[in-house]
**Q** 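Pasting a structure below so you can have a look.
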Number of protein chains: 2
Amino acid sequence: MFDSHAVTDLHAHAVSETYQARVASTDFENLLKRVVLRRRIVQAKQVVFRAGQPQQFIYLVHSGVFKTSLTAADGREKITGFRLRGDLLGLDSLGTPNHACDVVALDVGEVWELPIDQLRAQIPDFQDRLTAALASEIRRDWNWMLALSTLSAEQRVVAFLLDLAERLERMGFSSRQMLLRMSRADLGNFLSMQLETVVRALSRLQALGHIAIDGREICIRDRNGLQAMLDYNAALAA
Amino acid sequence: MFDSHAVTDLHAHAVSETYQARVASTDFENLLKRVVLRRRIVQAKQVVFRAGQPQQFIYLVHSGVFKTSLTAADGREKITGFRLRGDLLGLDSLGTPNHACDVVALDVGEVWELPIDQLRAQIPDFQDRLTAALASEIRRDWNWMLALSTLSAEQRVVAFLLDLAERLERMGFSSRQMLLRMSRADLGNFLSMQLETVVRALSRLQALGHIAIDGREICIRDRNGLQAMLDYNAALAA
DNA sequence: CGAGTGGTTGAATTTCTTCAAGGCTCGTGG
DNA sequence: CCACGAGCCTTGAAGAAATTCAACCACTCG
């Protein structure tokens, strides 16, 4: 459906050369072809930046999977999305001095530091692309809000899997076999349900023969079957 | 807390002159002082624009209250926010040819048509303010996502009331007495709960003596009491 | 090898939803 | 002018979906 995700490549960083060829370059990467940027390798569980830290750069995800999250003063936490190659990190802090969210790597990854003011001056299109990316993030968020508040727990899990598959497919990866980089707890947090509920939903999808689960490795056996579980409401309405 | 809302003024349009003096001008209004803009009066229940329509303008809310919503193909609907004076409508469609959401007036109101490309050229600061507004919308959305997925139904209603009160206060209105422009159903939709649950939550808040309800008119009797219901989690954590 | 982390499943409980009924207000037409 | 219907709000009672609590397993890492 929209945001979220994970990646099939276990060693994205190490073999990036290989994948470079196979995986289509993202819009922003093309835009930044001629610019020299500082690249930063981030190990699994490491923090890219935290809420409250002074905002110097926006980051472009080049490889790996990241989660962005908010934490309330009383400790309540919410994962706002899982970010893949081509996604920007820190958009939400534009126009403010500090970052508004935490970003943590779920596996090894590489991010590119974008000095925004400089790029705005250097690249004519840059500002427009940035604006478009911001608007796109809003639409993504709204679509997830819609999903979270109108779908059952099971349907939300289905929506997540289909969205992820689609994103991976767009990146040139297999859309059938995928590796969830996040824990069941993270998934539950993002989808607004308990981790046990995620597990039960996945188990049932497997029992229905729609997916095959092997730990964090998931194989989509019947994409249409999954899709039908979302279209179910439409059938009712008709 | 963040987005949402309603307004105390029953006749905002009719007496706008009066309120002009009382209510602080918004950032964008100051920015646009010297520009001649088309103003559009919108009657209650009328549509400002619909998802799918070609996007020509961004609108600035000058008076009234508006709701923005998404509708899925199968009819599932989600209100993404209630918009007050100073809020921009249509930000989410920047960089795309069509609007992504519906905007409907909840009472009489006035919006200003902003021809973005023109304003970008005319006003040096405009682009930055636009970017800041987009980022701010993202933060708002994320904060509501956090609230919706971590607070109980009752707490969500409390969060809504406090957020609304704060927004009204910033606008120069009373933060104690307020008129909810939206139906209980709209409120429930926004807060991800059934309208009956909204009613029960409000009734209980009244029983606790924290608010007084008279239809859509709500008086906050004990702001601290309400706040304490949100801080409850913090107490547990400690 | 033992501790820790993450995943899975069952059973009891809770919160919220669903269904149902009744009341209030307002506008329209008889 | 009043009657009547529509829309919205409120409350109760029954039901369902998801959470909570608990136990157990598999795997990895010192």
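Below, chain A is the first sequence line, B the second, and so on; all start at residue 1. Note that the coordinates shown come from a computational prediction; the quantities given were computed from them, not determined experimentally.
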**Q** For B/Thr197, answer base if it contacts any base atom (sugar-phosphate contacts may also be present), sugar-phosphate if it contacts only those atoms, and nothing otherwise; contact means non-hydrogen atoms under 4.0 Å.
**A**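 Touches a base.
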
**Q** What is the separation between atom CZ on B/Arg181 and atom P on D/dC8, rounded to the nearest whole Å?
**A**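 Interatomic distance, CZ of B/Arg181 to P of D/dC8: 15 Å.
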
**Q** Please state whether the base of C/dC19 and the side chain of B/Gln194 form at least one donor-acceptor pair under 3.5 Å?
**A**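 Flag unset: no donor-acceptor pair detected.
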
**Q** When you check the gap from the basic side-chain N to the acidic O, do A/Arg223 and A/Glu169 get nearer than 4.0 Å?
**A**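 Judged by the 4.0 Å cut-off on N to carboxylate O distance, A/Arg223 and A/Glu169 do form a salt bridge.
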
**Q** Who are the ring-ring contact (aromatic ring centres under 6.0 Å, His included) partners of B/Phe49, not counting sequence neighbours?
**A**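 With sequence neighbours excluded, B/Phe49 shows a ring-ring contact (aromatic ring centres under 6.0 Å, His included) to B/Tyr59, B/His99, given in chain and number order.
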
**Q** When the distance from CE of B/Met193 to P of C/dT18 is rounded to whole Å, what number comes out?
**A**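 Value for this atom pair: 13 Å.
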
**Q** Rounded to whole angstroms, how far apart are CG on A/Leu106 and P on C/dG6?
**A**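 It works out to 12 Å between those atoms.
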
**Q** Is the distance between the ring centroids of A/Phe66 and A/Phe82 less than 6.0 Å?
**A**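 Not under 6.0 Å, so no.
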
**Q** Write down the distance between CG (A/Leu191) and P (D/dA18), rounded to a whole number of angstrom.
**A**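 Interatomic distance, CG of A/Leu191 to P of D/dA18: 12 Å.
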
**Q** When the distance from CD1 of A/Ile218 to C1' of C/dG7 is rounded to whole Å, what number comes out?
**A**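 After rounding, the reported distance stands at 12 Å.
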
**Q** Check this for me: B/Arg50, atom CZ, are more than 12 non-hydrogen atoms of other residues, nucleotides or ligands nearer than 6.0 Å?
**A**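 Count not over threshold, so no.
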
**Q** Which residues within residues 199-214 of chain B lie with some heavy atom under 4.0 Å of an atom in DNA chain D?
**A**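 Contacting residues: B/Val199, B/Arg200, B/Ser203.
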
**Q** Can you tell me the distance, in whole Å, between the CZ atom of B/Arg184 and the P atom of D/dT11?
**A**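 Spelled out: CZ on B/Arg184 to P on D/dT11 is 10 Å.
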
**Q** Quick one: B/Gln155 CD to C/dC16 C1', roughly how many Å, whole number?
**A**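 Roughly 14 Å, once rounded to whole Å.
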
**Q** Using heavy-atom distances to pick each residue's nearest nucleotide on DNA chain D, tell me which of B/Lys45 and B/Glu196 is more 5'.
**A**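 Result: B/Lys45.
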
**Q** So, do A/Phe57 and A/Trp112 have ring centers that fall under 6.0 Å from each other?
**A**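 Between A/Phe57 and A/Trp112, the centre distance exceeds or equals 6.0 Å.
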
**Q** Looking across every strand, which nucleic acid part, if any, lies under 4.0 Å from A/Arg156 by heavy atom: base, sugar-phosphate, or nothing?
**A**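 It contacts nothing in the nucleic acid.
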
**Q** Is any side-chain N of the basic residue among B/Asp87 and B/Arg140 closer than 4.0 Å to the acidic one's carboxylate O?
**A**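 Yes, this pair counts.
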
**Q** Given atom CE of A/Met182 and atom P of C/dG6, what is their separation to the nearest angstrom?
**A**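 Rounded to whole Å, this separation is 14 Å.
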
**Q** Whether the side chain of B/Thr197 engages the backbone of B/Met193 through a donor-acceptor N/O pair (distance < 3.5 Å, no angle test) should be reported.
**A**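 No, B/Thr197 side chain to B/Met193 backbone: no donor-acceptor pair under 3.5 Å.
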
